[in-house]
2 protein chains.
Amino acid sequence: MAKLADVAKLAGVSVTTVSRVINNYGSLSEKTKTKVFAAMHTLNYQPNSVARSLQGKSSRLIGLIFPGVSNPFFGELVQTLENKLSALDYRVILCNSVNNADTERAYLRMLQANQVAGIITGTHNLTIREYEHVDAPIISFDRHLGDNIPIVSSDNYAGGKLATELLIKTGATCIVMISGANRPNSPTNLRVKGYEDSLQQADLPTHVLELPFSMSPTLKRVEIRQHLTTLKPDAVFCSDDLTAILVGDVAQELGLKIPEQLKLVGYDGTRLIQDYQPQLSTVVQPIGDLADLMIQLLRQRIKDNKVQLQAQYTLPVSLHTGASVLATKA
Amino acid sequence: MAKLADVAKLAGVSVTTVSRVINNYGSLSEKTKTKVFAAMHTLNYQPNSVARSLQGKSSRLIGLIFPGVSNPFFGELVQTLENKLSALDYRVILCNSVNNADTERAYLRMLQANQVAGIITGTHNLTIREYEHVDAPIISFDRHLGDNIPIVSSDNYAGGKLATELLIKTGATCIVMISGANRPNSPTNLRVKGYEDSLQQADLPTHVLELPFSMSPTLKRVEIRQHLTTLKPDAVFCSDDLTAILVGDVAQELGLKIPEQLKLVGYDGTRLIQDYQPQLSTVVQPIGDLADLMIQLLRQRIKDNKVQLQAQYTLPVSLHTGASVLATKA
DNA sequence: GTGAAAGCGCTAACAG
DNA sequence: CTGTTAGCGCTTTCAC
C-alpha cells in the first residue's frame, strides 16, 4: 500500500503538501493540487487511518454494544445505526455482550484501546458503573448507566398503557402481562407499570408473568401453556413480539381462537414482525428515530465531551393494530 | 489514558522493559515483572492498539461485509462470527453492503485504511473483481469473488434436492419453487438446480417463480397469491424461510389447509425460525460450522497469505421436518 | 537482564 | 504557497 511519502515523491512535492491537499487545509496552488491528485490516483493511494488516529485525529470508529443482532429488534436497531453512521463516514465495531458483565467489561477496554470516537450501548447488563471511567463519549439505549450518560428510549410507560387500554377497550377483563424478568433499571419495568396503572384505573386485576429474556422458547411455551390453562385470561400483553408469537402458538394448540377467545398484543414492532406477522397487534418502537437521536447526541459529545445533555430522552411509540385484537367492543 | 512511558516511570524501568513484559518477550527478572505489573495495575494501563498496529503488529480487526443483520439468517451468522472471533481476541468491523456495489467498494477501501487483518464477506453483490486487489486476506460466504478467494457455503444443491424429494415423497405432484432472482453466481441457483433435477428424475414438471430478494413482502404476497390461485400447486418450496412464511399466510387466507392441501418447505433454518415457526419444514444451514470454517480459513491466510486453500468448501445441510409437510405418503 | 534510539505513516507547528 | 521537523504510543534492533 502506497504511503504519503510515495505520493509526495511522485508528485515532486513534500509530504506536508500532500497532507494538506488530503485534508484540504492551508493554501495550495491549483497546479500542485492537480499534480498531487494525479499521483494519488496512479498509486491508488489510501490514507492509513491507523497512523492518522495515532497522531490525534479521530478514529471515526464507533463501538456498538448490544446483546446480540440475532434478536430482530436489536438486529434492526444495529443495522439502522450502522447505516446511518456509515453515511456519516463513521465505522462500527460490533460487540455482542450476550448479557455477560465480564464480556462487557472486556469490550469496553478493547474499544478504548482502539481509540473509538464514541460508544452506543444497549446492553442488558447492569451495575456497570465502570462506564463512568470511560473517556469516550457514551450514549445509552434504554438503560441507566451513570449520571452523565444520556439515556435514549421510547416511551415504555406509554407503550404499556397503550397496549393495555387497547385490550380493555375490546372488553377484555382478565388481562395477563408477560414480561422479561424484573430487574432493576430494566426498561420493561415501565411497560409493566403502564399495564398495572391502566388496569388499576379500570378496576381490573393484574397478573404479571415474568419469563427471563434468556429462557429458552421451549420452556417459555411450557410456562405460557400452564398460565393460559390455569388463569384462562381473555387477553395477553407481551413485552416483546417474539413471546407474543409463542402465546399465539400455544393458544392455537389449546384451540383458543384469536382474537375471539384470546386477544394478543406484543411489543417492539420491528419491520420483520410487521411484514411477516402483520396480524399481531404490537406497540411499535420508532427505531429510525431512536437511531437518529442517539447518533445526534453522540456527535455532540464527540465534538465537545463536556456538553450538557438531558439525562433522558423519550420518544413516542405507536400502535400497530392487527387481527390479534378486535378494534370493536366485545 | 496512561501510556507506556507512564508505566515505565512508575515502575522505575525503561519503556523497553515494559513493552517486554506486555508482550512476554526476551528475558526479564521476576522482580521487574512484578514491579511492572503492579504499575500497570495501579495506572489501569491499557495498551493503545492503534499505536501497536501502526508499527506493524496486527490490528486484530476483522471486517464483516454482509447484506445486513436485520435479516435473521445474516443476523445469526454475523452474531455467531462475532462471538467466535471475539473469543479469539479479534474485533469486528460491521459493514452492511445493502447490495450496493458502490457502498461495498467504499467499505473495502475503508477496511484497508483501517488495516484490518482480514475480511469475511457474504454480500449479494457481484462482478466486484476489485476484491482481487485487496491485500488483506478474504474469505467469501457463498459467492465467487475471485480465483484466489475461497468460498465457504453449505450444500445448496443437496438442500434443493432434499427439500424437493421430501415433497415428492409426500405425494405432491405440482411443486412450485419460489427463489430469489436468478443472478449469475447466486448460490440459490444451485438450490433451484437441485429442485429441477429432483423433479426431472421423478418425471414431474417444474415451476420456478423468481421473487427478487429486495422485493417488498407486500408485493411478494401479491405474486404468491396469484401463483397459488393460478397454478393450484400442492406443494411449495421456498429458497428462504421468510418467503415460506408469506406462502403459509397467503395459503391460510385462501383457505388452503397446510399440509393437507398445500405442503411447504423453506430454507435456512435459523434458530429464530426453528424456535418461533417450528411447524415450518426447512433446510437447515449449519451456521455454527460455517462460521468456524470461515474463521479457521481466514486465520490460516492471516498467518500466511500465500497458503494454498481450496477454491470451495461445502458443508452439509440437514432437514428440519415440521407440520408444514406430512412425513407419510399421501 | 535492561536501556537508548530509530521508526511505523501521518499531521501540525514553525519557518521560509 | 511550500518544506523541515517533531512527535502520536508502541515495538524492536542493537548495545551494554
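Protein chains get the first letters and strands the later ones, always in sequence-line order, with residue 1 at the start of each.
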In whole angstroms, how far is the P atom of C:dT11 from the CZ atom of A:Arg60? 14 Å
Can a donor-acceptor pair be found between the side chains of B:Ser97 and B:Thr123 at a distance below 3.5 Å? yes
What do the steps show when you test B:Asn23 against B:Arg52 for side-chain contact (heavy atoms from CB on, under 4.5 Å), and what is the final call? CA-CA 11 Å; B:Asn23 297 288; B:Arg52 234 178 209 194; 3.7 Å; yes
From NZ of B:Lys33 across to P of C:dT2 the rounded distance in Å is 10 Å
If the cut-off is 4.0 Å, is A:Ser29 near the phosphate of D:dT2, judged by side-chain N/O to OP1 or OP2? yes
Look at B:Thr17 and C:dT2 and indicate whether a side-chain polar atom (N or O) is within less than 4.0 Å of OP1 or OP2. no
Out of B:Leu111, B:Ile138, B:Ile120, which one pairs with B:Ile65 under the side-chain contact (heavy atoms from CB on, under 4.5 Å) rule? B:Leu111
side-chain contact (heavy atoms from CB on, under 4.5 Å) partner of B:Thr121, chosen from B:Tyr131, B:Tyr107, B:Phe141: B:Tyr131
Ion pair check, B:Arg105 and B:Asp102, cut-off under 4.0 Å: yes
Whole Å only: how far is the CG atom of A:Asp6 from the P atom of C:dC8? 11 Å
Quick one: ring-ring contact (aromatic ring centres under 6.0 Å, His included) pairs with a partner in residues 15-65 of chain A, sequence neighbours left out? none
Within less than 4.0 Å of OP1 or OP2 of C:dC8, is there a side-chain N or O belonging to B:Ser53? no
Nucleotide by nucleotide, nucleotides 8-13 of chain D touches protein heavy atoms under 4.0 Å in the pattern (B base, S sugar-phosphate only, - none) BBBBB-
